There are 2 protein chains.
Amino acid sequence: MRIGELAARTGVSVRSLRYYEEQHLLPAVRSSGGHRHYPEPAVHRVALIQHLFSAGLSSRTIGELMVHIDAGVSTPEARSRLIAERDRIERQMTELAEARDRLNEVIEVSYDPDAGCSFRPGPA
Amino acid sequence: MRIGELAARTGVSVRSLRYYEEQHLLPAVRSSGGHRHYPEPAVHRVALIQHLFSAGLSSRTIGELMVHIDAGVSTPEARSRLIAERDRIERQMTELAEARDRLNEVIEVSYDPDAGCSFRPGPA
DNA sequence: CTTGAATCTTCCATCAATGTCAGGTTCTAG
DNA sequence: CTAGAACCTGACATTGATGGAAGATTCAAG
């Protein structure tokens, strides 16, 4: 399929798809005239890329993972790279949970104005 | 305390602390000569700011939350703002979990090369 | 063929947090 | 008082994903 259709089907802008190619995340075959053509599985691949992007991975990191994935992830090095990245994501989740808890503290205190503490300068 | 000490105690760069002030996240009182001075609770406040930053909140958003927090978060609007932000964080956590699961799929497949599928072009 | 839609490439712009450098001022220990 | 450390402001650079415009070319449908 062509880039416009892929964009429509994935919800990713044409601009971004070209960027993904530039970053070696998403190869495309070219027509004689130079237009990009994608195989059906590209839809799935873009979805994966998007997931990794929204998990905060950089295009560089995603590119490295993709190399491993495309190669079949057979080597122990590749596997440990993937595992490392997964662990990084889990650490990030912990971080988020922390932030959420902090916000919850603030929210709960807001129901009980007498409970002081906190970071605010305050008159005391 | 002065900015250098606050930086040392929080692990945040002096540059960033100045930026936080500029963004109205972290007020400072000024000495007659113009040097910033921070009260003890600033340490805690910086920690909170850092948590929110690493949760992906923008300085703009953090600033808005801080206003509510400093005001005592009494109004329903303030509370719903905080709750909305907490929910956004939880959605982000879901996103991360999704990405982690995707990676885990890839990792598991890597132990069992015959299990095909996936996004890679492949000779088939 | 012709024509209009889709694509191509190449730039330049943006946003946000932070780094860094320069040149000047303040603070503090001796 | 004085030297040197710490601080001040202001400016510019950076990184990364994306947006957007311009001008040329290709594709597909009639």
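Throughout, a chain's letter reflects where its sequence line sits, starting with A, and its residues are numbered from 1. If you're wondering where the values come from, they're calculated on a predicted model, not measured in any experiment.
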**OP:** Identify, between B:S59 and B:H37, the residue whose nearest nucleotide on DNA chain C lies closer to the 5' end.
**Re:**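 Looking at DNA chain C, the more 5' nearest nucleotide goes with B:S59.
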**OP:** Using heavy atoms to find the nearest nucleotide of DNA chain C for A:I3 and B:Y20 separately, return the residue whose nucleotide is more 5′.
**Re:**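 Of the two residues, A:I3 wins.
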Whether [X] contacts [N] is assessed here as follows: a side-chain N or O lying under 4.0 Å from the phosphate OP1 or OP2. Is that the case?
| X | N | answer |
| --- | --- | --- |
| B:S32 | C:dT26 | no |
| B:S13 | C:dT18 | no |
| B:R18 | D:dA6 | no |
| A:S58 | D:dA17 | no |

Interatomic distance where [atom1] belongs to [X] and [atom2] belongs to [N] [whole Å]:
| X | N | atom1 | atom2 | result |
| --- | --- | --- | --- | --- |
| B:L17 | C:dT18 | CG | P | 9 Å |
| A:I49 | D:dG16 | CD1 | P | 17 Å |
| B:H35 | C:dC27 | NE2 | C1' | 6 Å |
| B:R30 | D:dC7 | CZ | C1' | 10 Å |
| B:R15 | C:dA16 | CZ | C1' | 11 Å |
| B:L25 | C:dA16 | CG | C1' | 12 Å |
| B:E22 | C:dT18 | CD | C1' | 12 Å |
| B:R60 | C:dC15 | CZ | P | 12 Å |

Go through [options] for me and flag the one nearest to the [X] side chain.
| X | options | value |
| --- | --- | --- |
| B:R36 | D:dT9, C:dC27, D:dT18 | D:dT9 |
| B:Y19 | C:dC8, D:dG20, C:dA16 | C:dA16 |
| A:F53 | D:dA17, D:dG19, D:dC27 | D:dA17 |
| A:R2 | C:dT18, C:dA6, D:dC8 | C:dA6 |

Please determine if [X] and [Y] form a salt bridge, counting it only when a charged side-chain N lies under 4.0 Å from a carboxylate O.
| X | Y | answer |
| --- | --- | --- |
| B:D101 | A:R86 | no |
| B:R81 | B:E85 | yes |
| B:E98 | B:R102 | yes |

**OP:** Name all residues meeting the side-chain contact (heavy atoms from CB on, under 4.5 Å) criterion together with B:R9; count only those two or more places apart in sequence or in a different chain, and write none if there are none.
**Re:**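 If we apply the side-chain contact (heavy atoms from CB on, under 4.5 Å) test to B:R9, skipping adjacent residues, the hits are B:M1, B:E5, B:E40, B:V43.
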**OP:** Compare every heavy atom of A:A28 with every heavy atom of A:Y38, then report the nearest pair and how far apart it is.
**Re:**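 Heavy atoms only, the tightest pair is CE2-CB, 3.5 Å.
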Subject >> Pairs involving residues 23-32 of chain B, ordered by first then second residue, that meet side chain to side chain donor-acceptor pair (under 3.5 Å) (sequence neighbours left out) >> reply: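 Counting only pairs at least two positions apart or across chains, the side chain to side chain donor-acceptor pair (under 3.5 Å) contacts touching residues 23-32 of chain B are B:E21-B:R30, B:Q23-B:S59.
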Original post:
Is the backbone of A:L57 close enough, under 3.5 Å, to the side chain of A:T61 for a donor and an acceptor to pair up by distance?
Top reply: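 Such a contact is absent between A:T61 side chain and A:L57 backbone.
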Could you go through nucleotides 3-5 of chain D and list every protein N or O atom that sits under 3.5 Å from one of its N or O atoms, giving the distance for each pair?
none

Subject >> Gap between atom CZ of A:R100 and atom CD1 of B:I89 - 0.5 Å precision >> reply: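 Between atom CD1 of B:I89 and atom CZ of A:R100 there are 9.0 Å.
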